[in-house]
2 protein chains.
Amino acid sequence: MKVTIRQIAKQLGVHHTTVSRALRNSPRISENMRQRIKSLAIKLGYRPNLVASGLSTRKTFNVGLIVADISTTFFSQVARGVEDTMRRAGYNVFICNTDDKIEDEKFHWDALISRGVDGIIISPANLKPRYLQKLLGAGVPIVFIDRCLPSLRASYVITDHFSGGYQMTKYLLSLGHRRIAYVRGEVEMGRFYGYEHALKEYGIPVDNSLTPVCDFTIEGGKKAAKKLVRMEHPPTAIFCVNDPVALGAMKAIREHGFRIPEDISLAGFDNADFAEFLQPPLTTVHQSKYELGEEAARILLQEMNGKLREPRKVELKPVLVIRDSCRHIGDSRVNSALPECLLLATTIIA
Amino acid sequence: MKVTIRQIAKQLGVHHTTVSRALRNSPRISENMRQRIKSLAIKLGYRPNLVASGLSTRKTFNVGLIVADISTTFFSQVARGVEDTMRRAGYNVFICNTDDKIEDEKFHWDALISRGVDGIIISPANLKPRYLQKLLGAGVPIVFIDRCLPSLRASYVITDHFSGGYQMTKYLLSLGHRRIAYVRGEVEMGRFYGYEHALKEYGIPVDNSLTPVCDFTIEGGKKAAKKLVRMEHPPTAIFCVNDPVALGAMKAIREHGFRIPEDISLAGFDNADFAEFLQPPLTTVHQSKYELGEEAARILLQEMNGKLREPRKVELKPVLVIRDSCRHIGDSRVNSALPECLLLATTIIA
DNA sequence: CTCTATTGTGCACCCGTGTGCACAACATAA
DNA sequence: TTATGTTGTGCACACGGGTGCACAATAGAG
C-alpha cells in the first residue's frame, strides 16, 4: 500500500493538512513540526501522488511533445533536448507521433488535454492559420517547434529554413549548376522559398518538374529521385529537404547508373550524424536539433510560469556544411574551395 | 471553462452520476437517457478529465518508457513501436532518458510512480538481480526491453544478442580472420558471449586488449577503435557493438591511414537505416527495432489487463546482413559469397 | 387491489491533496 | 484583569469522476 499524507498524519497525531503544509514548506507550520513530519515522510518512503495534487491544483507537471515521427534522426534529437530540459524542472514528457496526419494530431491533442498537461510543444502537421489559432485558444501554453506561422501571436523555435535553402542553392549555383532539383517536403515551405529566391537571383525560373514533393523518409526520397533521374534532361544537382531523403535519392541515382557527384551532385539538410560517413560524405545544411528542443522547452517553462508577457520567437541559424557530394560543373574538381556563398553564410550566422 | 459531467447533468436536470454512468455505458441507464446525455456531451465538446478519473479508478492510461537515449537510431525506433501500439489502446507514453546512469533511472522511476503510470517498459541501466527484483516488487506491471535477466520471473522482449554476436564472429572467422576485435558496450554482454563462443569454437582465446569497452556513441567508437589501430599488431577485423560505434570506428580507422575493408574489416550491429549507404556499405546484424517496441507494448497491455498469468519472454532472432565492409583474408575478394554461417543463421531464424 | 420484480435515478461518500477560514494556545501590552 | 496580537493546527470543502446502495417509478402477477 502506498503511503499517503493521512497515514503520516495519523502516526503523528495531527491533521493531514498539517502534513500537506509542512511538506510544501508553508510558513505557518512550526519548524519543529516540519522536521518531525519530513523525517517521518522520508522514513516511510512517502511519494506524493501527482494525480491527486494535479486534480486539486490543476498542475500535473506533465507536458506533451507532438512531432511527425520520433524515430527520425531529427525529431529524436529534438525530443532529447526537450526531455532533458523538462526533467530538470520536474516535468515529464509525453511523446506523440502524427506522421503529419491531421487526424492523428487531433487525436493526440485531445488525449493531452484530457490528461491535463501543463503545456505542449508541437510541430504542427497543419499550418492553416485558423487551425493554429484554435490551438492557441485552448488555454494551454504552446510552443511551436520547427514549423510555425511567424505572423501568429505565438512562441516558436525554428531553424531559419529560408536561409538554409538559400545558402545551399546559392552554393550549388556557384558550382555552376543551373538545373537544380529540389525534393520538397509536403509541409516544409521555408527551404523551398530559399531555393526559389536563390534561383531568382540567377534569373532561373522554378521548374515544377524539378521540385517533386515527398514525405521525409528514405523511401520517399528514393521514389522522388527516381522520377528526376529518368527525365530526358535530368538535373545536374539534387537538393533534398533532409538527409534521409538524400539517402533515398542516393540509392535511386545509383540504381539508375549515375555516379555521385560526377554525374549528379547531391545535397541534404539537417547534417544528420551519419552524413559525414556516407560515400561521398554528404554536403548538407547543419541545424542544431538538440538545441531546438532545449530552447523550446525553456520557453515553454517560462510560459507555464507566467514569466512571458510577449511570445518568444527564436530562429536558429543553419550552417552550410560542404563535403564531397557536390561537384563543380565543367570542372574536374569535386567541390569548390570555399565559394563566395560560404562567406555569405558566415555573415548570416554572425 | 472546461465542461464537466456535472454541467451536463445540470442542463439535463439529472444527477451527475447518471451522466457518468451513461457515458460509461452502464446497463442501468435507459437507452433514451443515454442518447440524450451522449449527444449533449458531444454538443458541448465534453472531454473527460483523466486526472480525475485516474484518481478515483487508479488507472491513468499512461505508461512510462525508460531507455538510455531516445536520440539513438535504436531506441527512437523502439519508442515509435511502443507509442503506436499504446496509442491504439488509448494510452499515452512518457519518455525517459537515463544515459545508462543508475541515479537518473531511479529519478525517472520515482517520477513515473508518482504519476501513477499503469505500466513501465524499461531497458535497465543496472542489471543486478536485487535491483531488478525491487522494481518488480513495486506493484506496477513491467516489461523489460532489449536487456534483461532471463532468470527473473518477469516479462521481456529482447533480440537474441548471443546469436547475433555469434553469427557475426563466425562469419568473420569464416572469412579467415583470426585477430578479431570486439568493441563492447558497457552493459551489453550477450553479444560478447556470442563472440567469445565463436572464437572458442576455433580455439582462439579472448584477448582482452582486443575487447575495449565503450558507450554506444560515435565518439565512443572512435576512441575505442583508435586504441586498436594503434596497436603493434592491429586486429584484421573490428566488430562493433552497434552501428553508430562502427561509424566512429570507421573514422578512427581511416584517420590512421587504413582502408576498409582492404586493411581492416569492419562490422556493426543493429542494421541502422544508414548502414547500407555507408562506404563501404556496412556489414552488420539486423534487429527489428520497431517490432521490439511493438511486442513489448503488446505484452504490457496484456499484463495491465491481467490477462497474463505467467511472464512472457520473447526473443527476436537477429539476421546477419552481409555487405561490403568485411573482406576475405588472403584473398582479393571483398566479401565471401554466402558462407556456411549464413545458412546457419537462416536455420536459427526458422 | 396488493404484492413483487424490474428498471432507472439519486444520495452519500471515496480517491489523495490543497486551501480559506475559524479558532485554540500562548504571549504581550494596556 | 482584559484586550490584542501571533502562531500553529484543524475543519470543511473543493478538484472531477466513480460506485455501492437505497429507493422511486413502473410493470406484471396473483
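Any value given below was found using the heavy atoms of this structure, including those in side chains, with hydrogens, waters and symmetry copies removed. Every chain is numbered from 1 and lettered A, B, ... according to where its sequence line falls, protein lines coming before strand lines.
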- Message: From C-beta outward on B:Thr17, which listed nucleotide comes closest to its side chain: D:dC11, C:dC11, C:dT17?
- Response: C:dC11
- Task: Would you please confirm or rule out a distance under 4.0 Å between OP1 or OP2 of D:dG17 and any side-chain N or O of B:Ser20?
- Result: no
- Message: Is there a side-chain contact between A:Arg58 and the phosphate of C:dG18, meaning an N or O under 4.0 Å from OP1 or OP2?
- Response: no
- Query: Under 30°, 30 to 60°, or over 60°: which ring-plane class applies to B:Phe94 and A:Phe94, parallel, tilted or perpendicular?
  - Reply: parallel
- Can you name the side-chain hydrogen bond (donor to acceptor under 3.5 Å, both in side chains) partners of A:Glu310, sequence neighbours left out? A:Arg153
- Task: Using atom NZ of B:Lys59 as one end and atom P of D:dG17 as the other, report the distance to the nearest whole Å.
- Result: 18 Å
- Task: Using atom types as modelled and distance alone, determine if a side-chain donor or acceptor of B:Thr159 lies under 3.5 Å from a backbone N or O of B:Leu316.
- Result: no
- Starting from P on C:dC14, measure out to NZ on A:Lys2 and report it in whole angstrom. 20 Å
- side-chain hydrogen bond (donor to acceptor under 3.5 Å, both in side chains) between B:Thr217 and B:Asp215: does it pass, once the steps are laid out? CA-CA 6 Å; B:Thr217 66; B:Asp215 56 14; 2.8 Å; yes
- Rounded to whole angstroms, how far apart are NE2 on B:His16 and C1' on D:dG18? 8 Å
- Note on the structure: CD of A:Gln7 to OH of A:Tyr46, rounded to nearest 0.5 Å, is 10.0 Å
- Should we say atom CZ of A:Arg87 is surrounded by more than 12 heavy atoms from elsewhere, each under 6.0 Å from it? yes
- Message: Any side-chain to backbone donor/acceptor pair from B:Ser114 onto A:Pro48? Under 3.5 Å, distance only.
- Response: yes
- Item | Five-pair end axes of the helix from C:dC1-D:dG30 to C:dA30-D:dT1, angle between them (10°) | 70°
- Query: In whole Å, what is the span from the CG atom of A:Leu12 to the P atom of D:dG10?
  - Reply: 10 Å
- Side-chain atoms of A:Thr57 come closest, of C:dT17, C:dG18, D:dG17, to C:dG18
- Task: Strictly below 4.0 Å, heavy-atom distances to any atom of DNA chain C: list the hits from residues 42-51 of chain A, or just say none.
- Result: A:Tyr46, A:Pro48, A:Asn49
- Taken to the nearest whole Å, CD1/B:Ile37 to C1'/D:dG18 is 15 Å
- Hey, is NZ on B:Lys106 packed in by over 12 heavy atoms from elsewhere, all under 6.0 Å? no
Could you go through residues 125-132 of chain B and list every donor-acceptor pair under 3.5 Å that involves a side-chain atom there, pairing it with any protein atom two or more places apart or in another chain?
{"from": "B:Asn126", "atom 1": "OD1", "to": "B:Lys128", "atom 2": "N", "distance (Å)": "2.9"}
{"from": "B:Tyr131", "atom 1": "OH", "to": "B:Glu105", "atom 2": "OE2", "distance (Å)": "2.7"}

- Query: Okay, side chain of A:Arg6, backbone of A:His16: is any donor-acceptor separation there less than 3.5 Å?
  - Reply: no
- Task: Measure from CZ on A:Arg115 to P on D:dG17 and round the result to the nearest Å.
- Result: 14 Å
- Apply the test side-chain hydrogen bond (donor to acceptor under 3.5 Å, both in side chains) to residues B:His161 and B:Glu315: give CA-CA distance (whole Å), side-chain angles for both, the deciding distance (0.1 Å), then the verdict. CA-CA 9 Å; B:His161 299 297; B:Glu315 268 190 30; over 6 Å; no
- B:Leu55 has an atom CG; how far is it from atom P of D:dG18, in whole Å? 11 Å
Would you tabulate the nitrogen or oxygen pairs shorter than 3.5 Å linking the protein to nucleotides 5-9 of chain C?
{"from": "C:dG8", "atom 1": "N7", "to": "B:Arg28", "atom 2": "NH2", "distance (Å)": "3.1"}
{"from": "C:dG8", "atom 1": "O6", "to": "B:Arg28", "atom 2": "NH2", "distance (Å)": "2.9"}

- Query: Of all residues at least two apart in sequence or in a different chain, which pass the salt bridge (Lys or Arg N to Asp or Glu O under 4.0 Å) check with B:Lys59?
  - Reply: B:Asp118
- Task: State which of C:dT19, D:dG17, D:dT19 makes the closest approach to the side chain of B:Arg24.
- Result: D:dT19
